[in-house]
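Reviewing the structure listed below.
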Amino acid sequence: MMNQDDFFKKITSHAKEYGFIFQSSEIYDGLSAVYDYGQNGVELKNNIRRYWWQAMVQFNENIVGIDSAIFMHPTVWKASGHVDAFNDPLIDNKDSKKRYRADVLVEDFLAKIEDKIAKEVEKARKRFGESFDEQQFVTTNARVLEYRSQHETISKRLYSIMETNDLPAFKTLIEELGIVCPISGSRNWTDVRQFNLMFSTQMGSTADGASEIYLRPETAQGIFVNFLNVQKTGRMKIPFGIAQTGKAFRNEIVARQFIFRMREFEQMEMQFFVRPGEELQWYEHWKQERMKWHLSLGIPASKYRFHNHEKLAHYANAAADIEFEFPFGFKELEGIHSRTDFDLEAHQKYSGKKIQYFDPELNQSYVPYVVETSIGLDRMFLAMLSYAYTEERLDDGSERVVLKLPPVLAPVKAAVLPLVAKDGLPEKAREILHSLRYDFYCQYEEKDSIGKRYRRHDAIGTPYCITVDHQTLDDNTVTLRDRDSMLQDRVNINELRRYIAEKIKPLVG
Ligand code: ATP
């Protein structure tokens, strides 16, 4: 596994060099955990969004989309619980002056114990060879049992501290475990404090009584408060869903992981409204559907796994993450949550308006239950970028960097390249570009040798390069070069559309 810092250095410099991602306000030395998408980044990001939107809205008769505002009435965030409970416990190291999430420090400690168990298992596997029975080993080996019991005791303490919000106990736990600051190596910690993650600002001038409002920390609430609007005007029948993509803002305490954890980011969320009592069936359904969506991009299934939550948020009766294997390990990419009727009930209470659905089949009214799927657009971008980034040594000894992006997500679908910039080849190449560009984003390039142009397009993940040469003028054929295999085929210009369309077709859906 590549070291996390090295990997981020590679990815960030590649992402910058090829116009995917820039640090925000870079000429002023940047703004921490905020990023801008460049000319290729915006295409990749839009393609991910479109791929999601098509799967959720276009392919489901009973899901519609909305686009709600970032600013919302401040009471929304009282009702949702964010004003009172959207906190992270933070702790500072007095020597390094670095700030950490107290829960993450303990979780990292737990992960180290898991690593130790994994190492014992590996050692034993080597020792016993063929006859190794892992199940038996982990349930009987004294050292593993000791690690497991440590793990369990610490997890239980962590959960109970988080549940009861017992901040002094948090500090005691960190001290007892002897957790040191990874930077200074010291145990010189401040007390643990709660820190609300919402950004606030003022709306209106102070003269006419400005009010404090928040930048939304999730897109979901815009859907909940529009539940009745959409249900009535769209004549939607339960079960049905509302989808939306858009910005969310969180004043994250620890934000040193490139676009994995940003202070301004985008979410793609879908809230599915169901009959009370049917939510767990729908929760299972959406877990499977969302996993299928990920796999339809052609990335190996071994890169994904479910992580079922044992500790549930106060509003949920079931929750799981879809984790992706980033180069720094398996981490949350998407959450699927069964949120009960918590949000709609709360908005009903705080607004004093009835938020109910009359179910004609049951002949009764109720507050629907909700199953949500929530994925970070930027985090999906990072998953794709880190999966796709490949350094290859070629047969001739040279190296190439290629982004093996799923073709449907690639910023540019085909590059149209005249072999030389003369003899009528540029004109012919432009003619081809113009015939394709209604259907696919294609780019024309004539500068530099053909080899260099191929490399540039490999580096941004363009699935096909179309090269126009002198033979093209005679027989209307071009060479079609495949990004991954680098094989070149001679094909008729009239066939190009079919080739590209076939290449970018998703695997299912
Ligand atoms: P985490 O535990 O990583 O802080 P979370 O459980 O708070 O995430 P949710 O509130 O469930 O996340 O948000 C849904 C999705 O939004 C996450 O799965 C993730 O992909 C994305 N997301 C959340 N916070 C951020 C962030 N700060 N930067 C980028 N993406 C984020």
Side-chain angles (χ1 to χ4, degrees), residues 21 24 31-37 41 45 48-49 52 77 80-82 85-90 100-108 111 158 162 195-199 215-224 243-271 283 286-287 290-291 293-294 304-316 318-326 328-339 342-343 370-386:
I21 297 169
S24 159
L31 184 65
S32 156
V34 185
Y35 292 89
D36 297 337
Y37 287 84
K45 195 175 173 196
I48 296 173
R49 191 199 314 276
W52 183 87
W77 306 110
S80 68
H82 284 81
F86 196 48
N87 299 317
D88 276 345
L90 69 82
Y100 298 92
R101 262 171 64 176
D103 54 329
V104 172
L105 286 179
V106 178
E107 273 163 11
D108 286 350
L158 178 63
M162 300 277 280
F195 177 75
N196 192 287
L197 299 181
M198 282 199 293
F199 284 98
L215 301 187
R216 66 179 177 198
E218 62 175 27
T219 55
Q221 298 304 324
I223 289 179
F224 293 129
Q244 114 160 297
T245 75
K247 290 270 172 149
F249 304 81
R250 295 182 188 179
N251 201 358
E252 299 280 1
I253 298 171
V254 183
R256 323 186 177 101
Q257 294 168 296
F258 193 35
I259 59 169
F260 183 80
R261 192 174 298 288
M262 302 153 92
R263 297 205 164 102
E264 172 178 344
F265 60 101
E266 278 197 64
Q267 291 185 314
M268 305 193 285
E269 295 198 300
M270 193 278 294
Q271 268 68 37
Y283 165 75
W286 281 110
K287 267 176 76 176
R290 292 304 304 148
M291 186 59 100
W293 180 85
H294 287 284
Y304 297 89
R305 71 177 189 199
F306 283 114
H307 170 243
N308 296 319
H309 289 207
E310 283 158 34
K311 176 182 177 276
L312 296 171
H314 56 286
Y315 52 74
D321 297 335
I322 293 179
E323 295 185 335
F324 182 79
E325 190 179 19
F326 290 92
F328 45 94
F330 274 98
K331 292 274 183 263
E332 171 178 348
L333 172 59
E334 169 159 11
I336 295 112
H337 312 123
S338 174
R339 286 177 82 126
F342 173 81
D343 302 87
V370 173
V371 174
E372 85 173 352
T373 72
S374 173
I375 174 170
L377 175 46
D378 315 85
R379 214 171 266 189
M380 180 67 189
F381 188 110
L382 181 62
M384 294 302 98
L385 194 64
S386 54

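Both ligands and their constituent atoms are indexed starting at 1 by order of listing. Just so it is clear, the model here is predicted, and its values are computed rather than measured.
- Against a heavy-atom cut-off of under 4.0 Å, Arg261 is close to the following atoms of ligand 1: 1 (P), 3 (O), 4 (O), 26 (C), 27 (N), 28 (N).
- Nearest non-hydrogen protein atom to atom 22 (N) of ligand 1 is Phe265 CE1, 3.5 Å.
- At least one donor-acceptor pair closer than 3.5 Å links the side chain of Asp378 to the backbone N or O of Glu266.
- The aromatic rings of Phe326 and Phe328 sit parallel, their planes meeting at an angle under 30°, below the 60° perpendicular limit.
- Residues Tyr37 and Tyr35 place their aromatic rings such that the two centres sit no closer than 6.0 Å.
- When each atom of ligand 1 is checked for a heavy atom of His337 under 4.0 Å away, the hits are 11 (O).
- When hydrogens are left out, the protein atom nearest atom 2 (O) of ligand 1 is Glu332 OE1, 3.7 Å; that is the closest non-hydrogen contact.
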So Thr245 and Thr219, side chain to side chain contact (heavy atoms under 4.5 Å, CB included) or not? Walk me through it.
CA-CA 7 Å; Thr245 75; Thr219 55; over 6 Å; no
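- Geometrically, ligand 1 and Gly376 share a nitrogen or oxygen pair separated by less than 3.5 Å.
- Side-chain contact check for Met380 versus His294: some heavy-atom pair is nearer than 4.5 Å.
- For ligand 1, the atoms sitting less than 4.0 Å from at least one non-hydrogen atom of Phe260 are 28 (N), 29 (C), 30 (N), numbered in the order shown with element in parentheses.
- Atoms of ligand 1 lying under 4.0 Å from any heavy atom of Glu334, numbered from 1 in the order shown and given with element: 18 (O).
- With Gln267, Gln257, Arg250, His309 as candidates, the residue nearest to atom 10 (O) of ligand 1 on a non-hydrogen basis is Arg250.
- Listed by number with element, the atoms of ligand 1 under 4.0 Å from a non-hydrogen atom of Ser374 are 13 (O), 14 (C), 15 (C), 18 (O).
- Distance alone, capped at 3.5 Å, is enough to place a donor-acceptor pair between the Arg250 side chain and the Pro217 backbone.
- Summarising the contacts of atom 27 (N) of ligand 1 with Glu218, Glu252, Glu266, Glu372, the nearest heavy atom is found in Glu252.
- Using a 4.0 Å cut-off between heavy atoms, Asp321 makes no contact with ligand 1 at all.
- For the ligand labelled ligand 1, residue Asp378 lies outside the 4.0 Å heavy-atom shell.
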Please evaluate residues Arg379 and Phe260 with respect to the criterion side chain to side chain contact (heavy atoms under 4.5 Å, CB included), reporting the C-alpha separation (whole Å), side-chain torsions for both, the decisive distance (0.1 Å), and the verdict.
CA-CA 5 Å; Arg379 214 171 266 189; Phe260 183 80; 3.5 Å; yes
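- For the pair Arg290 and Trp293, the cation-pi test (distance below 6.0 Å, angle within 45°) is passed.
- In this structure, Lys287 satisfies the cation-pi test against Phe306, with its NZ or CZ atom closer than 6.0 Å to the six-membered ring centre and inside 45 degrees of the ring normal.
- In this structure, Met262 is part of the shell of residues with a heavy atom less than 4.0 angstrom from ligand 1.
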